[in-house]
There are 2 protein chains.
Amino acid sequence: MSQSPWQPISPAKPARPSREPLTRDRIVDAAMGLLVDQGYEAVSMRKVAQALGTGPASLYAHVANKQELDHLLVDRAAQEMRFPEPDPARWQEQLKEAMREMLRVLRAYPGVARAAIGQVPLGERAMLTTEQLLAILKAGNVPDQAAAWAVDLIPLYVTATAFEESVQRAAEWTEADIKTFVADLRTYFESLDSSRFPLTVALAPALTAGGSGDERFEFGIQIITAGLASLAP
Amino acid sequence: MSQSPWQPISPAKPARPSREPLTRDRIVDAAMGLLVDQGYEAVSMRKVAQALGTGPASLYAHVANKQELDHLLVDRAAQEMRFPEPDPARWQEQLKEAMREMLRVLRAYPGVARAAIGQVPLGERAMLTTEQLLAILKAGNVPDQAAAWAVDLIPLYVTATAFEESVQRAAEWTEADIKTFVADLRTYFESLDSSRFPLTVALAPALTAGGSGDERFEFGIQIITAGLASLAP
DNA sequence: ACCTGAACACCGTTCAAGT
DNA sequence: ACCTGAACACCGTTCAAGT
């Protein structure tokens with residue numbers, strides 16, 4: 001080492017703001033960091049800029065606007081999804097595995113679902129997930145038009161599910177809070193006027209079952225898979 | 001007329017703010033008015049207050065917060081939904097009719113879907129729609145647990161669909177803008193590297209078909225109905 | 001009890017000015 | 001070309017003070 005280790009040649013810097021130039025990637029990194037440990041609400045242009053030691057205006061040289069940043073977050077998450085190799089003999093189970101994988105990643109980044117909802121996924125990585133879903137559907141002989149609409153329906157369902165969960169998470173509910181809420185809800189349903197709400201009263205236990213969300217989700221992907229299978233020759 | 005027509009007995013008022021007392025209903029009326037002619041983004045506590053000739057703080061005596069106002073808007077819309085009388089012989093078609101009716105109303109109040117997404121519908125009118133959906137499913141002999149989860153899945157799908165549409169509407173796209181966008185999208189899909197995106201390229205026409213949304217929605221409700229039917233004995 | 005003005009702690013985005 | 005400070009036009013919510 002010919003160079004002094006305790007003092008670089010370039011002039012001293014204000015310690016904090018590492019003077020690496022701003023890039024799209026650094027902005028997305030910072031935004032993802034905020035999202036993971038403070039939730040989607042914390043992902044504002046101002047807070048992202050602050051995390052990078054600069055002002056909000058600086059971001060606009062690299063990102064068109066907040067919406068584009070949202071798109072980039074979704075694409076970053078899509079990157080982590082891993083789908084099975086299409087196998088015609090197992091396509092229905094594989095479709096379910098793919099949907100579970102999508103939900104797994106959306107749960108790992110709570111808040112990404114909020115950025116993704118109602119968004120046409122045109123990022124490169126998001127489009128690769130579409131391609132892979134199409135491959136599984138084609139392996140199952142689902143007709144082209146049905147497959148095309150299915151790759152719209154599937155992310156819509158999975159994202160909406162993750163979004164619902166993230167709303168609860170944002171309220172910082174613990175497992176116990178949810179349990180209490182579900183129990184209260186059941187009592188409330190049972191207490192309704194049974195001449196006006198006969199089925200809500202009678203089905204109160206079923207309506208409040210599957211609180212964790214996993215069973216509900218399994219039901220949903222079962223419905224979608226069975227519905228698609230009914231269209232395959 | 002014993003009273004001077006040009007000067008009421010009570011002291012002159014600034015013409016605009018009719019001094020009817022604030023009520024929940026008046027607040028929801030004003031919010032709904034804003035939502036209908038300026039979109040969901042215009043529904044802020046401040047703008048609603050302004051429309052009522054008062055300040056934002058005044059609303060908090062009648063409405064807990066913005067979230068509760070959102071719930072009230074959803075319930076107001078739910079009130080307009082009309083469902084068919086359950087008929088065991090026609091339950092599948094009736095279920096589709098019910099979903100079309102839900103979408104019809106959500107489209108009539110563009111923006112309500114944004115307030116409804118990820119929200120457990122606990123308003124009285126919203127719960128009546130749940131009750132009526134349950135009735136149709138029970139007419140079809142769908143098992144209790146499946147029916148219970150279905151009344152979660154169905155509004156989730158319909159609301160997510162309406163939400164997607166409302167995002168486009170909020171961007172103030174005309175019919176022609178959408179046509180152009182879809183055409184560009186198709187060209188884009190076709191131009192992709194077909195070794196990485198073989199199916200996206202091959203299915204480009206199918207992926208961009210059904211731009212109006214009606215065909216896509218019919219596909220979705222067909223999938224859901226068929227999936228549920230597969231669970232009925 | 002209901003209403004209000006003013007304040008607090010935030011947003012996204014733009015723009016002229018700097019380097 | 002990239003970055004910045006300051007400003008613009010907004011948010012939801014709270015609170016002490018009024019009637």
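Below, chains carry the letters A, B, ... as their sequence lines are ordered, and counting in each starts from 1.
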**Prompt:** Heavy atoms under 4.0 Å, any strand shown: does B/S44 hit a base, just sugar-phosphate, or nothing?
**Reply:** sugar-phosphate
**Prompt:** Taking the six-membered ring where the residue is Trp, are the ring centres of A/F197 and A/F189 under 6.0 Å apart?
**Reply:** no
**Fill in**
With B for base contact, S for sugar-phosphate-only contact and - for none (protein heavy atoms under 4.0 Å), nucleotides 13-19 of chain C reads BBB----
**Prompt:** To the nearest angstrom, how far is B/L59 atom CG from D/dC11 atom C1'?
**Reply:** 14 Å
**Message:** Nearest whole Å is fine: how far is D/dA1 P from A/L22 CG?
**Reply:** 17 Å
**Asked** Under the salt bridge (charged side-chain N to carboxylate O under 4.0 Å, His left out) rule, what pairs show up with a residue in residues 118-127 of chain B, not counting sequence neighbours?
**Response** A/R196-B/E124
**Message:** On the nucleotide D/dC3, are OP1 or OP2 found under 4.0 Å from the side-chain N or O atoms that A/H62 carries?
**Reply:** yes
**Prompt:** Hey, is A/D214 close enough to A/R100 for a salt bridge, meaning N to O under 4.0 Å?
**Reply:** no
**Message:** Give me each pair satisfying salt bridge (charged side-chain N to carboxylate O under 4.0 Å, His left out) with a member in residues 52-69 of chain B, each pair once, sequence neighbours excluded.
**Reply:** B/R24-B/E68, B/K66-B/D70
**Message:** Show me, range against range, the stems involving DNA chain C, built from at least 3 consecutive Watson-Crick or G-U pairs below 3.5 Å.
**Reply:** C:4-8 with D:12-16, C:12-16 with D:4-8
**Asked** Are B/R186 and B/E190 close enough for a salt bridge, meaning some N to O gap below 4.0 Å?
**Response** yes
**Asked** Say you pick atom P in D/dA9 and the same atom in C/dA9; how far apart are they, in whole Å?
**Response** 23 Å
**Message:** Quick test of your reading: applying salt bridge (charged side-chain N to carboxylate O under 4.0 Å, His left out), list the pairs with at least one residue in residues 34-45 of chain A, sequence neighbours left out, ordered by first then second residue.
**Reply:** A/E41-A/R114
**Message:** Is a donor from one side chain sitting under 3.5 angstrom from an acceptor on the other, for A/S195 and A/D193?
**Reply:** yes
**Asked** Just how far, in rounded Å, is P of D/dC2 from CZ of A/R26?
**Response** 14 Å
**Message:** Suppose you measure atom C1' in C/dC8 against the same atom in D/dC10; what distance do you get, rounded to whole Å?
**Reply:** 15 Å
**D/dC3 phosphate, OP1 or OP2, under 4.0 Å from A/T54 side-chain N/O** = no
**Request:** For A/R104, check side-chain hydrogen bond (donor to acceptor under 3.5 Å, both in side chains) against everything at least two apart and list the hits.
**Result:** A/E101
**Asked** When rounded to the nearest 0.5 angstrom, what distance separates CG in A/D184 from OG1 in A/T208?
**Response** 11.0 Å
**Message:** Between P on C/dC2 and CG on B/L52, what's the gap in Å once rounded to a whole number?
**Reply:** 16 Å
**Request:** Respond yes when some side-chain nitrogen or oxygen of A/K47 is under 4.0 Å from OP1 or OP2 of C/dC11, and no when none is.
**Result:** yes
**Request:** Can you tell me the distance, in whole Å, between the OH atom of A/Y40 and the C1' atom of C/dG12?
**Result:** 12 Å
**Request:** Could you tell me the separation between the CD atom of A/Q50 and the P atom of D/dG5, rounded to a whole number of Å?
**Result:** 13 Å
